[in-house]
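Throughout, residue positions are numbered sequentially from 1 according to the sequence presented.
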Amino acid sequence: MKRLLFICSKNQLRSPTAEAIFAEYPDVDALSAGLNKDFPTPVTPDELQWADIIFVMEKAHKTRLRGHCSRWLKDKRVISLDIPDKYEFMDSELVQLLERKVSGWI
């Protein structure tokens, strides 16, 4: 079972879309979280330790995650998907991008 964690700033559109898509894949557990602590689902150390692979939507998210959470990222693969914040939840173009960019990792 692969455990995937998807992270973006607010966890409102891109990461929840990724979680919804990949939670349906066989042998995959998927979660999403945000980097901003003032939103409903901020990333936790437990989630970072739980994940086999951590995906961020932008390079800036990777930098920020490494800066604030480095002690929980030891030996963790953090992959930037380079998906801009211009999509709505479950947007068909976003779904295609996510499937194309993530499928090679699972």
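Residues in residues 95-106 take part in no salt bridge (charged side-chain N to carboxylate O under 4.0 Å, His left out) pair, two or more places apart or across chains. Applying the side-chain hydrogen bond (donor to acceptor under 3.5 Å, both in side chains) test to pairs two or more places apart or on separate chains, those with a residue in residues 76-95 are S80-D82, Y87-E93. A side-chain hydrogen bond (donor to acceptor under 3.5 Å, both in side chains) check over residues 66-75, counting only residues at least two apart or in different chains, returns nothing. Screening residues 11-34 for ring-ring contact (aromatic ring centres under 6.0 Å, His included), with sequence neighbours left out, gives F6-F22, F22-Y25.
When all heavy atoms are compared, the tightest approach of L98 to I21 is CD1-CD1, 3.9 Å. Of all non-hydrogen atoms in I7 and G34, the two that sit nearest each other are CG2-C, 4.5 Å.
For the atom pair OG1 (T17) and CG (L94), the distance works out to 5.0 Å, reported to the nearest 0.5 Å. Interatomic distance, L81 CG to E58 CD, rounded to the nearest 0.5 Å: 10.5 Å. To the nearest 0.5 angstrom, I106 atom CD1 is 6.0 Å from L4 atom CG. Here the SG-CZ distance, from C69 to R64, works out to 9.0 Å after rounding to the nearest 0.5 Å.
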Checking side chain to side chain contact (heavy atoms under 4.5 Å, CB included) for the pair C8/H61: CA distance, chi angles, key distance, verdict?
CA-CA 6 Å; C8 60; H61 299 153; 3.8 Å; yes
Take D46 and Q49, measure what side chain to side chain contact (heavy atoms under 4.5 Å, CB included) needs, and give me the verdict at the end.
CA-CA 5 Å; D46 287 341; Q49 292 173 333; 4.1 Å; yes
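L65 and F55 fall into different hydrophobic clusters, where Ile, Leu, Val, Met, Phe, Trp and Tyr are joined by side-chain heavy atoms under 4.5 Å apart, directly or via other members. Under the 4.5 Å side-chain heavy-atom criterion for Ile, Leu, Val, Met, Phe, Trp and Tyr, M57 and L35 are members of distinct hydrophobic clusters. Hydrophobic clustering, with ILVMFWY side chains joined whenever heavy atoms are under 4.5 angstrom apart, keeps L73 apart from I53. Using a 4.5 Å cut-off between side-chain heavy atoms of Ile, Leu, Val, Met, Phe, Trp and Tyr, with links allowed through other members, I79 and V56 fall into different hydrophobic clusters.
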Distance-only donor-acceptor hits, side chain of residues 26-33, under 3.5 Å, sequence neighbours excluded:
residue	atom	partner	partner atom	Å
S32	OG	N11	OD1	3.1
S32	OG	E19	OE1	2.7

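Under a 4.5 Å side-chain heavy-atom cut-off, the cluster of Ile, Leu, Val, Met, Phe, Trp and Tyr residues that includes M1 has no other member.
Every side-chain hydrogen bond (donor to acceptor under 3.5 Å, both in side chains) that R3 has, sequence neighbours left out, goes to D52. Qualifying side-chain contact (heavy atoms from CB on, under 4.5 Å) partners for T63, counting only residues two or more places apart in sequence or in other chains: none. Remark: F89 pairs with no residue by the ring pair (Phe, Tyr, Trp, His ring centres under 6.0 Å) rule, at least two apart or across chains.
For the pair L5 and V43, the minimum side-chain heavy-atom distance is below 4.5 Å.
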